[in-house]
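Let me begin by presenting the structure, written as structure tokens, before commenting on it.
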Amino acid sequence: MPDMDVKLEDSWKSVLASEFASPYMGALKDFLVAEKSNGKRIFPKGGEYFRALDLTPIDKVRVVILGQDPYHGAGQAHGLCFSVQPGVRTPPSLVNIYKELESDLGIAPVRHGFLESWARQGVLLLNSVLTVEEARAASHQGKGWERLTDAVIRAVNERCSNVVFMLWGSYAQKKAAFVDTARHLVLKAPHPSPLSAHAGFLGCRHFSKANTYLEAQGLEPIDWQLPADPQPKSSP
């Protein structure tokens, strides 16, 4: 986590200052440094650990989508849950997300899996764990990231109003179980994985429900239509 204090977006750096000063974050940094010194490849690259936070400052959050771990294949992860870099094949869960978007809002699937335009509109695409070792799924669980991302969700719950939480699958629903449903809209569905999507994710209509809620609160809806040709940007 070298230079993480420098690279983190200012509003989140302020909100999470006490977390970064905590011993568990020091231990997490030591773990990552040791893994890299032992020649292990860690995804995403260091400058993108906090990409979700960098692209979506806390005062801009309108929707929260929770994932679990970064993709562990080379070239896939770039710091946003469910999203992959341009040129990478769209993962199966995201294929189902696109299917639901088309069914719900008539938005035809794009031919990429790069979701950065959502993040720039206020969709916090947050994984619970922010790093992973190449080809070893869930290899960085239990190292401290979960405590930090719990703090992120608590901050949104307490400091923001009228946020839509899209909780897909039991893991996300458990992680955000404390969210105040009187203050925010909490939408729950099975995970979009091919193993569970047909058990209720497909047909959940979360995207239209989110926009209906946001508009009812006098807020701008999310434009869920992704650009046909994504162009990564180096800064928010």
Return the minimal non-hydrogen interatomic distance between [X] and [Y], and the atom names on each side.
X    : Y    : result
E102 : P109 : OE1-CD, 3.4 Å
P230 : F114 : CB-CD2, 3.4 Å
P227 : S117 : CD-OG, 3.5 Å
L80  : A119 : CD1-CB, 4.2 Å
K36  : I42  : CG-CG1, 3.9 Å
P44  : A77  : CB-O, 3.6 Å

*Return the set of residues passing side chain to side chain donor-acceptor pair (under 3.5 Å) with D69 (not counting sequence neighbours), or none when no residue passes.*
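By the side chain to side chain donor-acceptor pair (under 3.5 Å) rule, D69 matches Q141.
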
In this structure, would [X] and [Y] fall into the same cluster of hydrophobic residues linked by side-chain contacts under 4.5 Å?
X    : Y    : result
Y49  : I153 : yes
L195 : Y98  : no
F20  : I58  : yes
L55  : Y71  : yes
W118 : V95  : no

Does atom [atom1] ([X]) have a neighbourhood of more than 12 heavy atoms from anything else shown, all under 6.0 Å?
X    : atom1 : value
R89  : CZ    : no
D229 : CG    : no
K209 : NZ    : yes

Residue pair [X] / [Y], side-chain donor-acceptor N/O under 3.5 Å:
X    : Y    : result
H78  : S83  : yes
K175 : T149 : yes
T131 : W145 : yes

Is there side-chain contact between [X] and [Y], with at least one heavy-atom pair below 4.5 Å?
X    : Y    : answer
I65  : L124 : no
V179 : V156 : no
M166 : V63  : yes
F178 : R154 : yes
N162 : H184 : no
L214 : T212 : no
V110 : T90  : no
L125 : L115 : yes

_Test side chain to side chain contact (heavy atoms under 4.5 Å, CB included) on F207 and I97; report intermediate values, then the result._
CA-CA 10 Å; F207 302 101; I97 291 170; 3.7 Å; yes

To the nearest 0.5 Å, how far apart are [atom1] in [X] and [atom2] in [Y]?
X    : Y    : atom1 : atom2 : result
L105 : I222 : CG    : CD1   : 11.5 Å
L94  : L101 : CG    : CG    : 9.0 Å
E19  : L148 : CD    : CG    : 6.5 Å
E133 : N38  : CD    : CG    : 9.5 Å
N157 : D150 : CG    : CG    : 12.0 Å
D54  : K13  : CG    : NZ    : 10.5 Å

Please check if the side chain of [X] supplies one atom and the backbone of [Y] the other of a donor-acceptor pair under 3.5 Å.
X    : Y    : value
Q76  : V84  : no
R159 : D59  : no
S103 : E100 : no
S11  : P57  : no
S128 : E146 : no
D104 : G203 : no
R136 : H72  : no
Q68  : Y171 : no
N96  : P192 : yes
S196 : H191 : yes

*Applying ring-ring contact (aromatic ring centres under 6.0 Å, His included), name anything that partners F31, two or more places apart in sequence or on another chain.*
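Residues passing ring-ring contact (aromatic ring centres under 6.0 Å, His included) with F31: H140.
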
*Partners of R41 by salt bridge (charged side-chain N to carboxylate O under 4.0 Å, His left out), sequence neighbours excluded?*
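For R41 the salt bridge (charged side-chain N to carboxylate O under 4.0 Å, His left out) partners, ignoring immediate neighbours, are E134.
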
*asked:* Set out, in order, the CA-CA distance, both residues' side-chain angles and the distance that settles side chain to side chain contact (heavy atoms under 4.5 Å, CB included) for D223 and Q121, then state yes or no.
replied: CA-CA 8 Å; D223 180 2; Q121 294 181 70; 3.5 Å; yes

*Under the side chain to side chain contact (heavy atoms under 4.5 Å, CB included) rule, what do V163 and V64 come out as? Steps first, then yes or no, please.*
CA-CA 7 Å; V163 171; V64 176; 3.9 Å; yes

*Ring centers of F50, W12 separated by less than 6.0 Å*: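 Between F50 and W12, the centre distance exceeds or equals 6.0 Å.
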
*asked:* Any salt bridge linking E116 with R51? Criterion: basic side-chain nitrogen under 4.0 Å from a carboxylate oxygen.
replied: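 Salt bridge between E116 and R51, a charged N being under 4.0 Å from a carboxylate O: yes.
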
*asked:* Walk me through whether K188 and F165 qualify under side chain to side chain contact (heavy atoms under 4.5 Å, CB included).
replied: CA-CA 8 Å; K188 298 179 182 180; F165 286 80; over 6 Å; no

*Mind running ring-ring contact (aromatic ring centres under 6.0 Å, His included) on F82 and W168 for me, showing each step along the way?*
CA-CA 11 Å; F82 293 105; W168 300 335; 5.7 Å; yes

